[in-house]
Every structure is written in structure tokens, then in C-alpha cells.
Amino acid sequence: MSVEPDPQVLAGLDAWRDLPAGQQPQWPDRGALEKVSSRLAALPPLVFAGESDALRGQLAAAGRGEAFLLQGGDCAETFAEATADNIRNKIKTILQMAVVLTYGASLPVIKMGRMAGQYAKPRSSDSETRDGVTLPAFRGDIINGFDFTSEARVPDPQRLLEAYHTSASTLNLIRAFTTGGFASLLRVHEWNRGFTTNPAYSRYEEIAAEIDRAIRFMAACGADFDALRTVDFFSSHEGLLLDYERPLTRIDSRTGLPYDCSAHFLWIGERTRQLDGAHVDYFSRVQNPIGIKLGPTSTGDDALALIDRLNPSGEPGRITFITRMGAGKVRDLLPALVEKVSADGRPVTWVCDPMHGNGITSATGYKTRRFSDVMDEVAGFFEVHRALGTVPGGLHIELTGDDVTEVLGGSEEIDDAGLARRYETLVDPRLNHQQSLEMAFQVVELLRKA
């Protein structure tokens, strides 16, 4: 029997419309937007409430140190790159990292993609100027086109429908790959053995050999490897575009409560976490586990005020704080933040985003990051939590499964000149397949030091 929603709950889902909403496009045709919203509201949910509930429980475990979150994927997905090969390669990379981290941490790893919805991006300016021509900024495929033309840069509501359908096909492939044997522990381990045969990664061969011995031990003990052929894989994206999130919110028939069914996990960005803003209000009203990005200007009082708005009762697994301080600041700024929240007592899960605080421009003009800076912020994150006796709950990484050249360094030693070889991102630089695996092996080394 389904439970009817409280009319006040339904009305509250639209309260954000009367609040300041940052980073939203100026739709030229409100009538067209309303038609698209009605269509989205009638389409099936992309994920289900029970799946989000299961994820909340797993994130609560990560907050207690009983699991570890690995969240990875594109800075900004594009419709054109939502191909079977690209999706498979991203999943393969995340699964390979997860096997290494599971062994290193001796904990279950929660596997989550920045996938099937990461189509909108916040921008520092509403406009972009090139050669004296000023046009609206590119805000992601869900809003407008990347080409620098007046036609492409006009926000188009039809793109919301394309985002829905592309997300649906992406999720369909993710489910097929993670339940059809592709994610088998034995298969993923074989991929990692291939990685460590490369002389550039020989320092990680010892860890790979230990994992190999552990798997052979399990086999000798009669482990049921058929049970390890499938994995849970959750979807996530920044809940930025409220004209997409609201029509995809559904009422759970079991409880009468609303869930944002565009993804299992949504996060509020550094630019949209204002306490009196539309995003915080909206996500306070849905039941999904919610992430919040906290940058170097964040204070302990800011964090507590966000908990008051988004999780006043202190439900475990509801709030994940994703810190993005920068390698040079994390050891100085993170301790006070963690101490204040820990003293409050309401549970949160702490996750490190080592990407967004470490952006630089290369000598050749590319927007990039140094692999060494990324790893240094991860190291600082672990050091701070170890010193305070708190739990480092996971990693939030921008990565791709392809051999792009967007981040400097790593054992491949990508240099300024090398960036030009395969710099493909439309927004922020991502770790490539090899750099992602290298990160996983380095995190194991950090965990061992801890």
C-alpha cells in the first residue's frame, strides 16, 4: 500500500523558486522550459529510493571507518562522449582502483561514479570574451553548447531531455557492466597485474603480488568467486541545475517522502552552499544522501550551520563533507574545521577532493594540475585525520578511463609539451587511466603509514 505525501511536503519542494539561486541559466523561453519540465516529471525515475537508502547506510559506515568511498568520473560529462567504450573504461578504472584500495584499507570500498548526470558546471563568470566578442559562458551540455557561437551558447531546455535520456542509457550500461561478470574480482585483478608489468609502475609490483597471494589464498579456502562477479555501483552529480532536479524528484510510495531520482547522491557545490539560497533549501527537503563541498574559506561555523539546515537530527550517512583546500592549505585549514564538527557530535563522512584546489595554468596555456599536488593534498587529508583521531572516509576524483594528457606528472612524467598530445576535457583536467591507478597504489602506501 502506498503512502500519500503530506501536501506541505509537496509545496515545500518549490520553496526554492522564491530564493536566490546561483549559477542558473537565463532561459530565453519560459514556456518551452515548462513543457520540458512537465515531460521530465512524467518520465520514469533514473534511480530508486531504496538504492539511495542503501547508499546512505554505506556512507554512514564510511563515516565510522567501516568502509571507504571512491567517487570518480568526468569533470563535466558530454553527450558525445557517452559511448559504450568511454563508459566501460571509466567503470574499469574505478573498479581497478577499488580492488587496490579494498586490499590496502582492509575495508569495503563504496564505488560511485560522477556519471549519468554530471552535465552542468558552475562558472566564475556568466560570460566569455574572445577576440572582442562576448557570449554567454558554456555551462555544460545540459544547458548550452561548447562552440563559441551565439547560436550554440543560447540556453536550450530541450537539452534537459537529452540529459535525461543520455543518463538513462549510461545507467543501463553501468548496470550491465557491474552485474554481468565484467566486474568480477578475478578479471579486475588481472587488469591490475597488467598495469604493474609496465616498468614505470614497478614500485607497485609488491602490493600487486600481495593481492595476488591473497586471492590465491581465498581460492584455496574455497571462496565463492561467483559471488564476487557483481558489485554495487552508485551514480552522483552536482545538484546544480534546479530546473532538472525538481522535475526528477519523486515521492517514495513506501514513506510518502521525496527523493531526487536523478542520482543516488547529489552534492552542493562551493559556489551554491549559501544558507539562505535555493540549493540548500531544496536539498534539505529530499531524502538522498547529500554532499557539500567545503573550500579554503569554509569555517567550522559554516559547516555546523549547514548540518543544522540539512541534517538537524544527525542521521548517519546523510551528510558528506567533501573538502577541497589545496595542497598548500589542507594541513593548516582542515584541522579546525574537523575539530569543530567533531565536537558537535552529529555524524558526517569526510571525503577529500584533491582536484579543485590545485588548478594551475601551464606555460603553454593549458588549464591543468600537478599530480604531485593532487597526491600531496590526499596525504595532508590523511595526516590531519590521523592526528585528530577522526576518520578519512573517502576520495572524490576527476578521472577518465582514457589515456588523455591533462594532468602534469605521474610516473608517465607528462610535461608542458605533453599536454598538447591528448588534452580533451572541455572544462577541468582529469587524471588519466594510468594516473588514477597510480593514485590508488599511492593511497595504499598512505594507509599503511597510518
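Reckoned from all heavy atoms, side chains included, excluding hydrogens, waters and symmetry mates. Just so you know, these numbers come straight off a predicted model, no measurement behind them.
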Between the main-chain N or O of [Y] and the side-chain N or O of [X], is there a donor-acceptor pair closer than 3.5 Å?
X: Arg114; Y: Asp74; answer: yes
X: Thr349; Y: Leu59; answer: yes
X: Ser342; Y: Glu339; answer: no
X: Thr102; Y: Pro108; answer: no
X: Gln24; Y: Gly22; answer: yes
X: Arg250; Y: Pro247; answer: yes
X: Gln118; Y: Glu238; answer: yes
X: Lys293; Y: Gly291; answer: no
X: Arg369; Y: Met355; answer: yes
X: Thr405; Y: Gly418; answer: yes

No-hydrogen, no-angle side-chain donor-acceptor test under 3.5 Å, [X] and [Y]:
X: Arg273; Y: Ser298; result: yes
X: Glu412; Y: Asn432; result: yes
X: Arg430; Y: Gln435; result: no
X: Glu377; Y: Asn358; result: yes
X: Glu245; Y: His237; result: yes
X: Asn172; Y: Ser169; result: no
X: Asn89; Y: Asp402; result: yes

Can you see which heavy atom on [X] is nearest to which on [Y], and at what distance?
X: Val338; Y: Trp350; result: CA-CZ2, 3.7 Å
X: Leu240; Y: Pro122; result: CD2-N, 3.4 Å
X: His433; Y: Asp403; result: CB-OD1, 4.0 Å
X: Gly113; Y: Phe233; result: N-CE2, 3.6 Å
X: Thr166; Y: Phe79; result: OG1-CD2, 3.8 Å
X: Arg56; Y: Pro316; result: CG-O, 3.7 Å

Item to complete: May I ask you to decide if the ring planes of Phe381 and His385 are parallel, tilted or perpendicular, using 30° and 60° as cut-offs?
Response: perpendicular
Item to complete: Using the six-membered ring wherever Trp is involved, compare the ring planes of Tyr282 and Trp16 and label them parallel, tilted or perpendicular (cut-offs 30° and 60°).
Response: perpendicular
Can you tell me how far apart [atom1] ([X]) and [atom2] ([Y]) are? Round to the nearest 0.5 Å.
X: Asp260; Y: Asn288; atom1: CG; atom2: CG; value: 5.5 Å
X: Leu408; Y: Asp415; atom1: CG; atom2: CG; value: 8.0 Å
X: Ile94; Y: Met115; atom1: CD1; atom2: CE; value: 6.0 Å
X: Leu43; Y: Tyr164; atom1: CG; atom2: OH; value: 4.5 Å
X: Ser262; Y: Leu46; atom1: OG; atom2: CG; value: 7.0 Å
X: Ile397; Y: Met112; atom1: CD1; atom2: CE; value: 13.0 Å

Looking at side-chain heavy atoms only, is the closest gap between [X] and [Y] below 4.5 Å?
X: Glu398; Y: Val407; value: no
X: Ser362; Y: Tyr423; value: no
X: Leu160; Y: Arg39; value: no
X: Ile268; Y: Leu310; value: yes
X: Tyr259; Y: Val47; value: no
X: Glu77; Y: Glu81; value: no
X: Leu101; Y: Val443; value: yes
X: Leu40; Y: Leu161; value: yes

Fill in: Ring centre gap for Phe138 and Phe148 strictly below 6.0 Å
no
Practice prompt. Check the pair Val378 / Val330 against side chain to side chain contact (heavy atoms under 4.5 Å, CB included), numbers first and verdict last.
Written response: CA-CA 9 Å; Val378 174; Val330 63; over 6 Å; no
Fill in: Check against salt bridge (charged side-chain N to carboxylate O under 4.0 Å, His left out), Asp85 and Lys92
CA-CA 10 Å; Asp85 285 349; Lys92 178 178 176 179; over 6 Å; no
Worksheet item: Could you walk me through whether Tyr366 and Asp416 pass the side chain to side chain contact (heavy atoms under 4.5 Å, CB included) check?
Response: CA-CA 8 Å; Tyr366 286 97; Asp416 269 13; over 6 Å; no
Practice prompt. Just do the side chain to side chain donor-acceptor pair (under 3.5 Å) check on Thr179 and Thr230 with the steps written out, would you?
Written response: CA-CA 5 Å; Thr179 60; Thr230 66; over 6 Å; no
Fill in: Verdict with reasoning, Asp344 to Lys340, per salt bridge (charged side-chain N to carboxylate O under 4.0 Å, His left out)
CA-CA 7 Å; Asp344 175 76; Lys340 186 99 175 186; over 6 Å; no
Practice prompt. Go through the steps to decide whether Ser167 and Tyr119 satisfy the test side chain to side chain contact (heavy atoms under 4.5 Å, CB included), and finish with yes or no.
Written response: CA-CA 9 Å; Ser167 296; Tyr119 296 114; 3.3 Å; yes
Cationic N near anionic O, under 4.0 Å, [X] to [Y]:
X: Arg153; Y: Glu128; value: yes
X: Glu51; Y: Arg175; value: yes
X: Asp376; Y: Arg331; value: yes
X: Lys121; Y: Asp141; value: no

Discussion item. As a quick check of understanding, evaluate side chain to side chain contact (heavy atoms under 4.5 Å, CB included) for Ile251 and Leu10, giving each step before the final call.
Written reply: CA-CA 9 Å; Ile251 300 300; Leu10 287 176; 3.7 Å; yes
